[in-house]
2 protein chains.
Amino acid sequence: MTKDLRGLADLDRAIHEPARLLIVTILSTVESADFLFLQREAGLTKGNLSAHLTKLEEAGYVEIKKTFKGKLPLTVCKLTKSGSKAFAQYRQQMVKFMSTTG
Amino acid sequence: MTKDLRGLADLDRAIHEPARLLIVTILSTVESADFLFLQREAGLTKGNLSAHLTKLEEAGYVEIKKTFKGKLPLTVCKLTKSGSKAFAQYRQQMVKFMSTTG
DNA sequence: TAAACTGGTTTGTAATACAAACTAGTTTGC
DNA sequence: GCAAACTAGTTTGTATTACAAACCAGTTTA
C-alpha cells in the first residue's frame, strides 16, 4: 500500500470541514441524534449547525426527519448508508496518509 | 486515551486545508523543496500554491528563502521546527480520531 | 395577553480557496 | 538589437464558504 500523496487533494470536502467532521463522527457513534443533542455535543451555534446539517443532507450523507416531541419541533438526524460509507473511506484515507509508518 | 470528539473542532486549520495538508506532507518528506517541485508534486496552480505558501509562512510553519538559480528566481521552502511539531500533532489527532479502534 | 422561551431557519458578513491576469526578468528568433 | 515567447513567481478578482446575529413560528409562563 503506497501513499500517493496527491490523494490528499481528493479528500471529501463535505466531510473534511472540521465542524462537519465532528458532526459526522458523533452521528457515527449513535443510531440517531436530535438537533439539540448535536448542538450540545458539538458545541456549535444553532445557525451554524443548521447550515452544516443542510450541507450534509444535500451531500446525501445525513437524513433529517422533522417531527414533534409533544408540541415542540424535533429534528432527528442520522447518517445514511452513503454517509457511513463516505466517512469510512475518509477515515481510511486519513489514517493512511497520517500514520507515520510508511 | 479517550477520544473527546470536541477536539476535532480544534484542528489546526492552517494545516487542515487539503492543499496545505498536501504541501506540508510533501515538505515533511524532504529536507527542502523549491516552488516548482512543490507545484508539480502537489498539482496546484502557481497562484494557489503561492497563496498557500504565504499562509504557511505567516503561521510560522514554513520558511521561504528567495534566491537565484543562475539568473532565474528560486524559491526554496522548508518546514520550520514549529511546522514539524504542528504537523506531528495534527497527525496524532487525526489518527486518534479516525482510527476505528477505541 | 404580553413577555419570555423553544427549536430551529434565513440573512448578512468576513474569511477563504482558487485561477486568471499581471509582473519582472531572461532567453530565443530574426 | 529588439520583439516575441518563456520562466518563476505575485497580485487581483470572484465565487464559495463558515459563522453568528437576527429572525420566525409556535408554546409556555406571568
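In what follows, chains are A, B, ... by sequence order, proteins preceding strands, each numbered from 1.
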Using a 4.0 Å heavy-atom cut-off across all strands, classify [X] as base, sugar-phosphate, or nothing.
X: B/Leu74; value: sugar-phosphate
X: B/Glu17; value: sugar-phosphate
X: B/Leu36; value: sugar-phosphate
X: A/Ala51; value: nothing

Rounded to the nearest Å, what distance is computed from the [atom1] atom of residue [X] to the [atom2] atom of nucleotide [N]?
X: A/Lys65; N: C/dG8; atom1: NZ; atom2: P; value: 15 Å
X: A/Asp34; N: C/dG7; atom1: CG; atom2: P; value: 9 Å
X: A/Leu49; N: C/dT10; atom1: CG; atom2: P; value: 14 Å
X: A/Gln39; N: C/dT6; atom1: CD; atom2: P; value: 12 Å
X: A/Phe37; N: C/dG8; atom1: CZ; atom2: C1'; value: 18 Å
X: A/Lys71; N: C/dG8; atom1: NZ; atom2: P; value: 18 Å
X: A/His52; N: C/dG8; atom1: NE2; atom2: P; value: 17 Å
X: B/Ile15; N: C/dA17; atom1: CD1; atom2: P; value: 13 Å

Does A/Leu5 belong to the same Ile/Leu/Val/Met/Phe/Trp/Tyr cluster as B/Ile15, with side-chain heavy atoms less than 4.5 Å apart forming each link?
->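 Yes, same cluster.
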hydrophobic_cluster_shared for B/Val95 and B/Met98, side chain cutoff 4.5 Å | yes
Could I get the full list of side-chain contact (heavy atoms from CB on, under 4.5 Å) partners for A/Glu41, not counting sequence neighbours?
->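 A/Glu41 satisfies side-chain contact (heavy atoms from CB on, under 4.5 Å) with A/Ile26, A/Phe37 only.
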Please check if the side chain of B/His52 supplies one atom and the backbone of B/Leu21 the other of a donor-acceptor pair under 3.5 Å.
-> no
Could you say whether A/Lys46 or A/Arg20 is positioned toward the 5' end of DNA chain D, judged by the nucleotide with the nearest heavy atom to each?
-> A/Arg20
Where A/Ala9 and A/Arg13 come nearest, the two heavy atoms and their spacing = O-NH1, 3.5 Å
Donor-acceptor list for residues 53-65 of chain A side chains, cut-off 3.5 Å, not counting sequence neighbours:
residue: A/Thr54; atom: OG1; partner: A/Ser50; partner atom: O; Å: 3.0
residue: A/Tyr61; atom: OH; partner: A/Asp12; partner atom: OD2; Å: 2.5

Could you tell me from which nucleotide to which nucleotide of DNA chain D, 5' to 3', there is an atom under 4.0 Å from chain B heavy atoms?
->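 On DNA chain D, the outermost contacted nucleotides are D/dT7 to D/dC19.
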Look at B/Lys55 and C/dT16 and indicate whether a side-chain polar atom (N or O) is within less than 4.0 Å of OP1 or OP2.
->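 It does, given that an N or O in the side chain of B/Lys55 lies less than 4.0 Å from OP1 or OP2 of C/dT16.
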If only side-chain N and O atoms of A/Lys69 are considered, is one of them under 4.0 Å from the OP1 or OP2 phosphate oxygen of C/dT6?
->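 Checking A/Lys69 against C/dT6: no side-chain N or O falls below 4.0 Å of OP1 or OP2.
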Criterion side chain to side chain contact (heavy atoms under 4.5 Å, CB included) on A/Gln89 and A/Gln93, from CA distance to verdict | CA-CA 6 Å; A/Gln89 187 185 331; A/Gln93 280 185 82; 3.9 Å; yes
